[in-house]
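In this chain, residues are counted from 1 in sequence order.
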Amino acid sequence: LNYASRDISILSIDASTGALMATSGSPCPTGGTYPSWIAIEPAGKYIYVADSAQDGISAFAVNVTTGALTPFGGPPFTTGIAPVSIAIDPSGKFAYAANSGSQSLSAFAVEAATGTLTPVTGSPFLVGGMSPTTVGIDPSGKYVYVTNGASDNISAFAIDPASGALTVIPGSPFAAGGTAPAFIAVGPTGKFAYAANASSSISAFAIAAVSGALTVVPGSPFAAEGVYPKSIAFEHSGKFAYVANYYSGSVSAFAIDATTGALTAVAGSPFITGNGPYSLATARIAQ
């Protein structure tokens with residue numbers, strides 16, 4: 001997603017080398033003014049783009065052969081004010097957008113056959129914090145977590161598996177343990193959640209399996225080993241976490257204690273990147 005040019009680059013992946021090449025349909029205009037986030041549902045059939053100026057989500061069908069995008073749904077699907085991120089649950093049934101301007105979370109049911117978004121009854125749901133930024137969903141699809149950047153806390157909700165409606169988890173919002181949390185992610189095991197704070201720290205929480213409540217991991221918050229961490233990604237088994245540090249041009253690497261969730265910096269961390277790393281992802285390579 002290209003914020004400045006308001007379009008989406010479409011790149012084919014060479015199966016043998018991993019090299020990228022722009023497709024004939026790239027770039028594809030988003031049709032919006034300030035596209036802020038892109039998400040794809042698990043089956044790879046539909047892409048959704050939040051536009052913070054249009055207060056909505058644009059939707060595109062993916063051509064599985066060429067990767068080309070075809071917009072559908074007409075006008076953007078309406079969210080709250082200034083949506084800045086989207087997350088789709090692991091089943092692909094529900095989508096959630098954090099609305100930074102209305103302190104809420106918009107919830108949608110995703111129509112499997114068409115990709116159409118239908119607001120869930122009760123949506124949007126107030127987060128109980130200020131300036132929600134990112135949304136994290138646990139691997140089981142039972143819980144949703146939202147960082148509130150202006151109130152330094154994290155909202156937590158249980159997902160109704162039938163409707164996608166949200167119920168506030170007792171104790172929410174939970175103190176972030178750092179200043180201006182900007183990103184949250186749940187590890188692959190579903191046992192721990194991690195929040196990147198603008199105060200150059202990473203807050204770690206244990207997730208209660210039955211309730212979804214957050215408990216601070218001993219030693220949290222952990223030094224990010226860089227300035228202004230912006231995103232977090234995990235090695236697929238959940239043994240390691242990686243953090244992009246926007247102002248220091250680096251990626252920090254941490255080993256995750258499987259029992260406690262505590263973070264320990266990996267030897268050689270942080271690792272140098274280009275300028276202003278904003279987002280990162282890990283690839284699982286078949287062996």
Side-chain angles (χ1 to χ4, degrees), residues 1 3 6 8 30-42 45-61 69 71-112 114-138 141-151 153-160 163-168 172-173 181-186 193 195 230-231 279:
L1 179 64
Y3 176 83
R6 304 179 178 92
I8 301 166
T30 64
T33 306
Y34 290 107
S36 55
W37 201 275
I38 190 169
I40 187 165
E41 53 83 35
K45 298 192 299 182
Y46 310 111
I47 280 178
Y48 302 95
V49 175
D51 193 291
S52 57
Q54 290 191 316
D55 298 339
I57 297 172
S58 298
F60 301 84
L69 301 178
F72 67 88
F77 296 100
T78 302
T79 62
I81 299 172
V84 291
S85 67
I86 309 171
I88 300 173
D89 85 303
S91 72
K93 293 171 57 179
F94 308 113
Y96 300 91
N99 305 307
S100 64
S102 52
Q103 332 307 334
S104 64
L105 198 61
S106 291
F108 300 90
V110 180
E111 171 57 49
T114 65
T116 298
L117 301 181
T118 302
V120 165
T121 300
S123 178
F125 299 89
L126 294 177
V127 297
M130 299 295 291
S131 297
T133 52
T134 55
V135 185
I137 301 177
D138 83 301
K142 294 170 61 177
Y143 307 118
V144 170
Y145 302 96
V146 184
T147 49
N148 300 308
S151 52
N153 53 22
I154 297 169
S155 300
F157 300 88
I159 301 174
D160 184 295
S163 68
L166 301 179
T167 302
V168 176
S172 177
F183 191 92
I184 190 164
V186 179
K230 289 293 291 184
S231 64
S279 181

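- For Thr167, the side chain to side chain contact (heavy atoms under 4.5 Å, CB included) test picks out no residue, with sequence neighbours left out.
- Residues satisfying the side chain to side chain contact (heavy atoms under 4.5 Å, CB included) test with Ser151, not counting sequence neighbours, are Met130, Asn148, Asn153.
- Qualifying side chain to side chain contact (heavy atoms under 4.5 Å, CB included) partners for Ala165, counting only residues two or more places apart in sequence or in other chains: Val120, Phe125, Asp160, Ser163.
- Smallest separation of non-hydrogen atoms from Phe157 and Leu126: CZ-O, 3.6 Å.
- Taking each heavy atom of Pro173 and Ser155 in turn, the nearest pair found is CB-OG, 4.0 Å.
- Note that CD1 of Ile154 is 9.5 Å distant from OG of Ser172, once rounded to the nearest 0.5 Å.
- In this structure, Phe60 and Ile8 have side chains that are in contact, with non-hydrogen atoms separated by less than 4.5 Å.
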Could you pull out all donor-acceptor pairs under 3.5 Å where a side-chain atom in residues 72-88 meets a protein atom, sequence neighbours excluded?
from: Thr79; atom 1: OG1; to: Asp55; atom 2: O; distance (Å): 3.2
from: Thr79; atom 1: OG1; to: Gly56; atom 2: N; distance (Å): 3.4
from: Ser85; atom 1: OG; to: Thr133; atom 2: O; distance (Å): 2.7

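- Minimum heavy-atom separation, Ile159 to Gly164: CG2-CA, 4.1 Å.
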Practice prompt. Go through the steps to decide whether Leu117 and Val110 satisfy the test side chain to side chain contact (heavy atoms under 4.5 Å, CB included), and finish with yes or no.
Written response: CA-CA 5 Å; Leu117 301 181; Val110 180; 3.7 Å; yes

Practice prompt. Go through the steps to decide whether Phe108 and Ile57 satisfy the test side chain to side chain contact (heavy atoms under 4.5 Å, CB included), and finish with yes or no.
Written response: CA-CA 11 Å; Phe108 300 90; Ile57 297 172; 3.8 Å; yes

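- The distance from atom CG of Asp51 to atom CG of Leu1, rounded to the nearest 0.5 Å, is 9.0 Å.
- Among pairs with a residue in residues 89-99, those fulfilling side-chain hydrogen bond (donor to acceptor under 3.5 Å, both in side chains) read Asp89-Ser91, Asn99-Ser104, Asn99-Ser106, at least two apart in sequence or across chains.
- The side-chain hydrogen bond (donor to acceptor under 3.5 Å, both in side chains) check on Thr134 picks up Thr147, with sequence neighbours excluded.
- When atom types are taken as modelled, the side chain of Tyr46 and the backbone of Ala112 share a donor-acceptor pair closer than 3.5 angstrom.
- We find the OG-CD1 distance between Ser279 and Ile38 to be 11.0 Å, quoted to the nearest 0.5 Å.
- Of all the heavy atoms in Ser58 and Gln54, the pair that sits closest is OG-OE1, 4.4 Å.
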Discussion item. Please evaluate residues Val186 and Tyr143 with respect to the criterion side chain to side chain contact (heavy atoms under 4.5 Å, CB included), reporting the C-alpha separation (whole Å), side-chain torsions for both, the decisive distance (0.1 Å), and the verdict.
Written reply: CA-CA 10 Å; Val186 179; Tyr143 307 118; over 6 Å; no

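- Summarising the geometry, atom CD1 belonging to Ile40 is positioned 9.5 Å from atom OH belonging to Tyr48; distances are rounded to the nearest 0.5 Å.
- In this structure, Leu166 CG and Leu105 CG are separated by 6.0 Å, a value rounded to the nearest 0.5 Å.
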